[in-house]
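Reminder, nothing fancy here: chain letters follow the sequence lines and each chain counts from 1.
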Number of protein chains: 2
Amino acid sequence: MPTVTARVLDVLAAFSADRPRLTLSELAVRAGLPLSTAHRLVGELTAWGALERSDDGRYHVGLRLWEVGALAPRSLGLRETAMPFLEDLYEVTRQNVQLAVLDGTEVVYVERLSGRSSVHVFTRVGGRLPLHATGVGLVLLAHADPELRERVLAAPLRRYTEKTVCDPAELRRMLADVRTTGVAISDGQIELISLSVAAPVRGPNGDVVAALSVVVPADGTNPHSFVPAVRATARGISRALTLSEHHFP
Amino acid sequence: MPTVTARVLDVLAAFSADRPRLTLSELAVRAGLPLSTAHRLVGELTAWGALERSDDGRYHVGLRLWEVGALAPRSLGLRETAMPFLEDLYEVTRQNVQLAVLDGTEVVYVERLSGRSSVHVFTRVGGRLPLHATGVGLVLLAHADPELRERVLAAPLRRYTEKTVCDPAELRRMLADVRTTGVAISDGQIELISLSVAAPVRGPNGDVVAALSVVVPADGTNPHSFVPAVRATARGISRALTLSEHHFP
DNA sequence: ACCATGCTTCCACTGAACGGAAGGATGGGC
DNA sequence: GCCCATCCTTCCGTTCAGTGGAAGCATGGT
């Protein structure tokens with residue numbers, strides 16, 4: 001049942017972080033469409049500004065589409081309220097500061113502040129990572145719907161480094177810890193060179209709607225020294241969200 | 001000639017910054033579609049994740065669409081490279097720091113850092129403003145294709161405050177100034193309470209690909225004192241862009 | 001000169017999209 | 001409780017927009 005809408009969206013979904021610029025033929029293959037059909041769709045999308053074509057003939061996602069995407073409440077509303085707090089946290093730590101939300105069974109990074117002296121991390125605004133291997137993921141998983149939690153723990157968990165925790169029982173213990181302490185510390189579970197300290201951000205009704213983290217180099221820095229600042233920032237954002245008129249789904 | 005693609009995009013375009021959450025009927029009206037058609041399209045978009053539906057039945061832009069939008073090179077590539085420099089600039093000034101690009105005859109804001117002590121401005125990431133009334137706009141206009149410049153100056157220019165410069169001749173003079181000094185200072189032209197200091201960001205081939213600005217309160221602060229920092233930041237980003245492997249259209 | 005690769009245009013067929021209309025669901029006024 | 005208003009959902013026969021194979025064009029490598 002190939003509806004036109006689905007095809008249009010498949011074309012958009014053909015772009016990815018590692019291949020953000022595609023030729024028409026690549027696009028057609030990735031979207032699973034005949035060349036002539038892809039040609040027409042892409043033409044319409046380009047005319048509207050959803051895609052743009054550069055001099056070399058490759059297509060990439062256009063600014064108009066980015067603009068529409070920027071209206072997503074979980075991005076726009078959250079960012080706007082959180083930014084001053086993230087800024088403060090960055091100024092105190094001078095490390096990568098990240099804000100992420102839960103979507104499906106993954107973490108989606110919504111904002112990241114990084115300075116020249118921060119560790120280079122491979123997360124990216126708009127990027128996804130699994131829940132079990134990141135600080136923000138552990139926080140979101142710890143406060144998620146139990147049904148989702150079980151589903152995630154039941155599935156096979158990808159190992160990124162020798163330190164990645166893939167054992168459901170141990171993860172369960174860690175999640176309980178996160179709930180009692182209010183912070184998660186993920187040490188080298190995604191990249192050995194970095195560790196992250198994360199805390200939950202709550203919406204007006206008390207649900208956890210996001211998580212923030214500071215990523216610090218794993219060079220002997222004591223992660224616990226960051227806990228108070230991270231926790232305070234998360235509380236600050238939660239309070240600001242409660243006062244703001246923005247709503248979250 | 002209502003192609004399906006156009007309809008899908010019209011549905012997406014129905015959302016705006018002041019109305020980011022719409023009911024089905026509102027959407028149908030705004031997109032100019034019969035209710036039943038809107039119903040089907042919105043259903044397909046929601047199934048894919050381009051739209052999301054909240055408990056109150058309203059629709060809003062979904063995270064999946066935001067993710068795809070985040071792949072736009074002018075957003076992603078630019079942001080990634082510029083962030084550390086913007087961060088530095090924020091730390092020095094503690095004011096709103098903005099990064100914007102040119103699209104059509106308008107400025108589009110790509111990133112904004114704001115702290116608790118910054119002036120509250122009404123620009124917004126993903127938002128648009130005209131070229132003649134903002135600092136970044138003047139910079140982008142000054143270095144734009146002459147054909148575009150003439151077109152903008154020929155069109156009627158909206159007045160936002162008593163200080164907005166709407167006279168083509170005077171604007172032309174200001175733009176020449178911007179080209180020689182390398183910075184633009186827009187004083188109260190969009191809001192009386194704030195002024196901005198802007199400078200051009202250049203891509204690998206020397207073209208101006210973006211502009212950055214610092215927005216400061218118009219309370220007697222001397223804008224000229226910000227010029228060196230803004231200029232240095234813009235230069236830093238330009239240099240970093242030249243070294244990076246990202247390309248810009 | 002030839003072929004390979006990738007893009008663009010054309011056009012006859014067809015089945016997916018269309019939208020009017022009817023049927024639910026909810027809620028609020030009286 | 002009843003009615004009416006508003007908004008959402010489903011249905012289905014008609015039709016016309018979307019489809020995609022094929023042929024033509026542009027480039028550039030050998």
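Between A/H39 atom NE2 and D/dC25 atom P there is a gap of 15 Å when expressed in whole angstrom units. Spacing between atom CZ of B/R53 and atom P of D/dC7 amounts to 13 Å, rounded to whole angstrom units.
In this view, A/R40 satisfies the salt bridge (Lys or Arg N to Asp or Glu O under 4.0 Å) rule with no residue, not counting sequence neighbours. In this structure, A/R149 has no side-chain hydrogen bond (donor to acceptor under 3.5 Å, both in side chains) partners at least two apart in sequence or on a different chain. B/R124 pairs by the side-chain hydrogen bond (donor to acceptor under 3.5 Å, both in side chains) definition with nothing, not counting sequence neighbours. Legend: residues meeting side chain to side chain contact (heavy atoms under 4.5 Å, CB included) with B/E87, ordered by chain and number and at least two apart, are A/E87, A/Y90, A/L113, B/M83, B/Y90, B/L113. Qualifying side-chain hydrogen bond (donor to acceptor under 3.5 Å, both in side chains) partners for B/T105, counting only residues two or more places apart in sequence or in other chains: none. Taking A/S75 as the reference, B/W66 meet the side-chain hydrogen bond (donor to acceptor under 3.5 Å, both in side chains) condition, with sequence neighbours excluded.
Residues of residues 24-35 of chain A having a heavy atom closer than 4.0 Å to DNA chain C, listed by number: A/L24, A/S25, A/L35.
For B/R7 and A/E44, the salt-bridge test fails: no basic side-chain N is under 4.0 Å from an acidic carboxylate O. The pair B/R21-B/E52 does not count as a salt bridge, with every side-chain nitrogen at least 4.0 angstrom from each carboxylate oxygen.
Contact between the side-chain N/O atoms of B/T23 and the OP1/OP2 oxygens of D/dC7 is not found at any separation under 4.0 Å. Distances shown here put a side-chain N or O of A/R40 below 4.0 Å from the OP1 or OP2 atom of D/dT19. The phosphate of D/dT19 has OP1 or OP2 within less than 4.0 Å of a side-chain N or O from A/R7.
Between B/L9 and A/W48, some side-chain heavy-atom pair lies under the 4.5 Å cut-off. For the pair A/L212/A/V136, no side-chain contact is recorded, criterion being any heavy-atom separation below 4.5 Å from C-beta on.
Running 5' to 3' along DNA chain C, contacts with non-hydrogen atoms of chain A at under 4.0 Å begin and end at C/dG6 to C/dA17.
In this structure, the side chain of B/R179 engages the main chain of B/A142 through a donor-acceptor pair within 3.5 Å.
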Solution key, residues 26-36 of chain B side-chain donor-acceptor pairs under 3.5 Å, sequence neighbours excluded:
from	atom 1	to	atom 2	distance (Å)
B/E26	OE1	B/T23	N	2.7
B/E26	OE1	B/T23	OG1	3.4
B/R30	NH1	B/A14	O	3.0

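Over its length, the helix from C/dA1-D/dT30 to C/dC30-D/dG1 turns its helix axis by 40°, as judged from the five terminal pairs at each end, rounded to 10°.
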Quick one: which protein N/O atoms are closer than 3.5 Å to N/O atoms of nucleotides 22-24 of chain D? Pair and distance per line, please.
none

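For residues 64-73 of chain A, the set of pairs meeting the salt bridge (Lys or Arg N to Asp or Glu O under 4.0 Å) definition, not counting sequence neighbours, comprises A/E67-B/R128.
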